[in-house]
Novice: 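Just passing along the structure, written as structure tokens.
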Amino acid sequence: MIALLDGNNFYASCERVFQPRLVGRPLVVLSNNDGCAIARSEEAKALGIKMGAPWFQIRHLEREAGLVALSANFELYGDMSERMMSLAAGLGHRQEVYSIDECFVDLDGIPGDLALRARQIRTRILQWLGIPTCMGIGPTKTLAKLANHIAKCAERKPGSYPPHHAQVCHLGAMTEGERNALLAATEVGEVWGVGRRLGAQLRQAGIHSAMDLARADPATVQRRWSIVLAKTVRELGGTACLDLDDIPSDKQQIACTRSFGQPVTEAHELAQALSTFAARAAHKLRAQNSHAGQLMAFIRTSPFRKQDPQYSAYRICPLPEPTSDTALLTQAALAVLRAIYRPGYHYAKAGVMLLDLQSASAQQLRLALDEPGEGASPAGPPRERSRLMQALDSINQRHGRGTLQLASAGTAHPPQPARWTMRQERRTPGYTTRWDGLAVAKERA
DNA sequence: TCTGGGGTCCTAGGACCC
DNA sequence: TCTGGGGTCCTAGGACCC
């Protein structure tokens, strides 16, 4: 059996832990730049706020319905996530952290009543961390996901499923008839791996519920759609096709892209933004001990501003040899910028992607046929560069991101807000991640 | 005025190989 | 009339996930 645990309205729940006054009130967490709603409390959902709703379209609810909106505080959510995952790991022997608020746990070899155990872990996470969760248990990942969906709906939407499945739903501990009834009551679009497009196509083909899909012929599904969907069909039938991935593999690409707080027109502003993004991506790259063989950078105007002239361009820059050096990657990003920048546009977004990633420990060195020093890098001897990057990372780790950076990323210290930096007007403190953000239990008199 | 960010996997088709 | 056979690698685009 496999369990899937996820945090309810995770970002909103994280904020409520430190601001209990928000409990019971409609609450949304906004994307970067306070652009749109990316998490909603149950009360906010009840107001009809959709996932991804632009803030400017729903902000009237602040006044009319007491809606509270906060800027996303990803540092806090990441830290809360780690705490939740370490508690969830107690469920079984192997855990796959699937996203910031979800994990699969392998329950094979765990004796006793699994649903009871799940409820105990759930209670512990609620008590120790303050985050409400739901759990689904099933013989495959897809069924565990489905069970989790049922557990959530049974709790929130009375009448959708039998109430005893609320919070914890164990598909492996019920009769076939009971399980089939639950699958038949579930829209096919709710199945993991069925998105909007596939959902519409399946309904057109007369497949409306999860039960219909489970009963479909995998070979036919594979011919008509894809092997991915055929696996989903088998998984719904109880045959495991997706392994638990408990040892995360290295990323194949690393990106840092941002929408700007305000439109940007000048090349030097874009250069500062791209420098910052390249440095951040390079840091992630070093964290997984990889090198990048290629770098992609792009700049673009806003597709939402239809009255403005539109421009979007990117270029891929092959690197002379794979590297994770911030200076070399920044150089490449700025070279791309020089090639694609056109004056006269209101740029709204830019980004850097690192591609062709490979292990740093198995590096293919360049054969230096026509160069003075063997293996010489334009920035200096590779080993010293590597130590320089280690020093950079440890200083920034200790004193905070942006303490030490390249001059091309901006020279003001502390870094000043610029047109390209994010708007985050409603950000809460780093309650668990910064000394100056510690929650105050009681003010001194 | 105002619309997020970061990933994965699969497929079809073309280039190229012997 | 008749135009091989079998394979790999790469890329762009589509679909999905949270």
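Chain A is the first sequence line, chain B the second, and so forth, proteins listed ahead of strands; every chain is numbered from 1.
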Novice: Does this structure show an ion pair linking A/Glu102 with A/Lys152, if we count only N-O contacts that are shorter than 4.0 Å?
Specialist: no
Novice: Considering only side-chain heavy atoms of A/Pro54, which listed nucleotide, C/dC17, B/dT3, C/dC16, is closest?
Specialist: B/dT3
Novice: Using 4.0 Å as the upper bound for N to carboxylate O, is an ion pair formed by A/Arg156 and A/Glu42?
Specialist: yes
Novice: Judged by modelled atom types alone, do A/Ser41 and A/Asn9 share a side-chain donor-acceptor pair under 3.5 Å?
Specialist: no
Novice: Under 4.0 angstrom, heavy atoms only, what part of the nucleic acid is A/Leu198 near: base, sugar-phosphate, or nothing?
Specialist: sugar-phosphate
Novice: Look at A/Lys141 together with A/Asp243 and state whether they make a salt bridge at an N to O cut-off of under 4.0 Å.
Specialist: no
Novice: Do the side chains of A/Arg59 and A/Glu425 get close enough for a salt bridge, i.e. N-O under 4.0 angstrom?
Specialist: no
Novice: Look at the side chain of A/Arg197 and decide which nucleotide, out of C/dC16, C/dC18, B/dG4, has an atom nearest to it.
Specialist: C/dC16
Novice: Calculate the interatomic distance between A/Ile58 atom CD1 and B/dG4 atom P; express it in whole Å.
Specialist: 13 Å
Novice: With a 4.0 Å cutoff (strictly under), does any side-chain N or O of A/Lys141 reach OP1 or OP2 of C/dC17?
Specialist: no
Novice: Separation of A/Lys152 atom NZ from C/dC18 atom P, in whole Å?
Specialist: 8 Å
Novice: Note every stem involving DNA chain B: at least three consecutive Watson-Crick or G-U wobble pairs, i with j then i+1 with j-1, with both distances under 3.5 Å.
Specialist: B:5-18 with C:5-18
Novice: Do A/Gln424 and A/Ser71 pair up side chain to side chain, a donor and an acceptor below 3.5 Å, judged on atom types alone?
Specialist: no
Novice: For A/Phe74, does the CZ atom sit with more than 12 other heavy atoms under 6.0 Å from it, leaving out its own atoms?
Specialist: yes
Novice: In whole angstroms, how far is the P atom of C/dC17 from the CG atom of A/Asn148?
Specialist: 14 Å
Novice: In whole Å, what is the span from the CG atom of A/Leu242 to the P atom of C/dC16?
Specialist: 16 Å
Novice: Could you state the CZ-P distance from A/Arg40 to B/dG4, rounded to the nearest angstrom?
Specialist: 16 Å
Novice: So, the side chain of A/Ser160 versus the backbone of A/Cys153: is there a donor-acceptor pair under 3.5 Å, distance only?
Specialist: yes
Novice: In whole Å, what is the span from the CG atom of A/Asp34 to the C1' atom of B/dT3?
Specialist: 12 Å
Novice: Under 4.0 Å, heavy atoms only, any strand: does A/Glu102 hit a base, just the sugar-phosphate, or nothing?
Specialist: sugar-phosphate
Novice: Under 4.0 Å between a side-chain N or O of A/Arg305 and OP1 or OP2 of B/dC2?
Specialist: yes
Novice: Taking CZ from A/Phe304 and P from B/dT3, how many angstroms apart are they, rounded to a whole number?
Specialist: 7 Å
Novice: Write down the distance between CZ (A/Phe104) and P (C/dC17), rounded to a whole number of angstrom.
Specialist: 12 Å
Novice: Using a strict cut-off of less than 4.0 Å between a Lys/Arg side-chain nitrogen and an Asp/Glu carboxylate oxygen, indicate whether A/Arg419 and A/Glu266 qualify as a salt bridge.
Specialist: no
Novice: How does protein reach along nucleotides 5-15 of chain B, written 5' to 3' as B (base within reach of a heavy atom under 4.0 Å), S (only sugar-phosphate), or - (no contact)?
Specialist: SSSSSSS----
